[in-house]
Amino acid sequence: MSQKRDPGSEPVAESEPHRIEIPHSITVKQLSDIMEVNPIEVIKQLMRGGVMANINQTIDFDTASIIASDFGFEAGLLAKETRGGYQRFGEEDTSLQRPRPSVVTIMGHVDHGKTSLLDAIRQTNVIATEAGSITQHIGAYQVEVNGQRITFLDTPGHEAFTAMRARGAQVTDIAVIVIAADDGMMPQTIEAIDHARAADVPILVAINKIDKPEANPERVKRQLAEKGILIEEWGGDTICVSISAKKRQGIEELLENLLTLAEVMELKANPRRRAIGAIIEAKLDKTKGPLATALIQAGTLKIGDSILAGDTWGRVKAMFNERAKHLRKAEPATPVEIMGLNGVPQVGDTIMAVASDREARSLVQKHHEEKQRGAIIPQRALTLDELFTQIQAGQIRELNIILKTDVQGTIEPIKGSLERLGTEKLRVKVIHSTSGTITESDVMLAIASKGIIIGFNTTTEPGAKRLAEAEGVDIRYYSVIYNLIDDIDMALKGMLQPTYTTVVEGHGEVRAIFSISKKGKAAGVYVTDGKLTRGAQARIMRDGDSVFESTISSLKRFTEDVTEVLTGFECGVGIEGYKDLQIGDIIEAYRKHRG
């Protein structure tokens, strides 16, 4: 079955059929690629079964499995697909699970010592005792403490942590929040805590810089308590360790506490399945080509495995750890740099091993085609308009809110009023609240947590606004507390009237008027910006005023009917119900969407 059949060959049955995995739907071309059979032969076999199909036609799993059987293959259903079009992993057999190392991310305010702590931990690494053994940066590394391993992700901050979550890559088991003893809690510290809490990740606090004369650890502990984090010393359940990364004090205690926390969590994975994980870094190397750092989450990745990640695929040619040591295999919770992909994947992409190169290539091709035709619909963030519907359907039990206000003093009254609105069916939870403008970090948190953003007497930064529009994040603005609370209350009860946003798609200038027999007049239009689309809503602007609103009923290029015309082109335009277009009029095409 490794050779492509001749065009005239007939399907044959084999004594030991080769197993292939097929998704719920697949094109004839993709099926022929997986089987390495001429597509003409597949089409012929479909016709024998009474199915008329062309090479690009999609067939269902049942039909595809019958055809596969005719060619000597045993077809299995490919595991459930996700927003990216590929499967995530679920441990199907708990008896195969084995203990794995914990994955730790270090977060905190800039200049509070995150980098110094990572360096101090590296120096404590028993695996790499020789000086200068860390020879390359791959975004993650492992240390060994008392014969047990801990994996550290070297992310730039909570933004990267949440960005990966927003893309579906939940890779962190424990978050270490670093707070400088001489500086105390800062806005970025609070953000890091809120982002970790939203991810439901256990927090361990490291109070750094205790060697400084002005250090005040007790003040930090009070600030943590005010934020709702009660450390063990004060009767709570959050581990808190005092350290000096600069002087290497308290590092061993920190690592031992991480081991204890991991032991309580009983972290396990199945090392015997096909590998699956997440891309945590990716780059194009001048000599080695595409390099991707992956955190293996389940299974074992081996040299020679066929893999895919996002829109890329390939075969594992080489693997390296952070000390540039060649690895033959990578087990769960192991970070590894991989060489062999045909391109550079995106951070947060799922990486998975599959049965063969042809399957990897076929899945990536299918994924790409589905993206092109819009078949893969990204999971959208929740909007207030659809809240009640999702509550009734039992799809959500918690409304996550990111609250941004103009001044700190208004946070607590708004937060308290919002959280009192919760019902038995749905809990209202303010997962992050602070003063200032709405940032990209806020939008990322809303995406990852499927929450909404409320701005009270504040604005949104341009980059955050663009990201929110692209991802469908609902941002609501208020200047009166009563209106804010009333809207959320009505949304919970299903009484909120939907809001609509107008998005202008393009403009066209009327440069000629001509008659069409029996149809009245049409306009010769030059598209000045954007695009005009047949069926789009349109308003006629004359001397700066809107004189008529309707839809674009016809759109022509020369004598041909077209669906859209782009900037810089001329076209003939007909407006539904309007025959009084004049030279100089501006046709503004727009669309309305809810939210």
Between I239 and V205, is there a side-chain heavy-atom distance shorter than 4.5 Å? no
Partners passing side chain to side chain donor-acceptor pair (under 3.5 Å) against T460 (at least two apart in sequence or in another chain): Y477
Looking at residues at least two apart in the chain, or sitting in another chain, which of them share a salt bridge (charged side-chain N to carboxylate O under 4.0 Å, His left out) with K465? none
Here the pair of heavy atoms bringing R274 nearest to A355 is NH2-CB, 3.3 Å
Closest contact, heavy atoms only, A181 versus V220: CA-CG2, 4.2 Å
Taken to the nearest 0.5 Å, the spacing of I174 CD1 from M265 CE works out to 5.0 Å
Distance (rounded to the nearest 0.5 Å) between I307 CD1 and L301 CG: 6.0 Å
Ignoring hydrogens, what is the shortest heavy-atom contact between A294 and I351? Give both atom names and the distance. CB-CG2, 3.9 Å
Partner of R100 under side chain to side chain donor-acceptor pair (under 3.5 Å), picked from T151, D173, T334, N270, is D173
How far does CD1 of I203 sit from CD1 of I231, to the nearest 0.5 angstrom? 13.5 Å
Which residues pass the ring-ring contact (aromatic ring centres under 6.0 Å, His included) test with H432, not counting sequence neighbours? none
Identify which one of T459, T458, D442 satisfies the side chain to side chain donor-acceptor pair (under 3.5 Å) criterion when paired with K404. D442
I'd like to know if the side chain of Q142 and the backbone of A333 have a donor-acceptor N/O pair within less than 3.5 Å. yes
Measuring centre to centre across the rings, with the benzene-like ring taken for any Trp, is Y478 within less than 6.0 Å of F456? no
For F161, the ring-ring contact (aromatic ring centres under 6.0 Å, His included) test, sequence neighbours excluded, returns none
Give me the atom names and distance for the closest heavy-atom approach of A292 to L341. CB-CD1, 3.9 Å
Apply side chain to side chain donor-acceptor pair (under 3.5 Å) to residues E461 and T439 and explain how you reach the verdict. CA-CA 6 Å; E461 293 177 1; T439 65; 5.5 Å; no
Please table the atom pairs, donor to acceptor, closer than 3.5 Å between any side-chain atom in residues 206-216 and protein atoms at least two apart or in another chain.
from: N208; atom 1: OD1; to: A245; atom 2: N; distance (Å): 3.0
from: N208; atom 1: ND2; to: H112; atom 2: O; distance (Å): 3.1
from: K209; atom 1: NZ; to: D111; atom 2: O; distance (Å): 2.7
from: D211; atom 1: OD1; to: S244; atom 2: OG; distance (Å): 2.9
from: K212; atom 1: NZ; to: D182; atom 2: OD2; distance (Å): 3.3
from: N216; atom 1: OD1; to: R219; atom 2: N; distance (Å): 3.2

Any side-chain heavy-atom pair of V171 and T105 under 4.5 Å: no
Taking the side chain as C-beta and beyond, is there a heavy-atom pair between V344 and T312 under 4.5 Å? no
Residues in salt bridge (charged side-chain N to carboxylate O under 4.0 Å, His left out) contact with D305, at least two apart in sequence or another chain: none
Distance, nearest 0.5 Å, that separates OG of S116 from CZ of R248: 8.0 Å
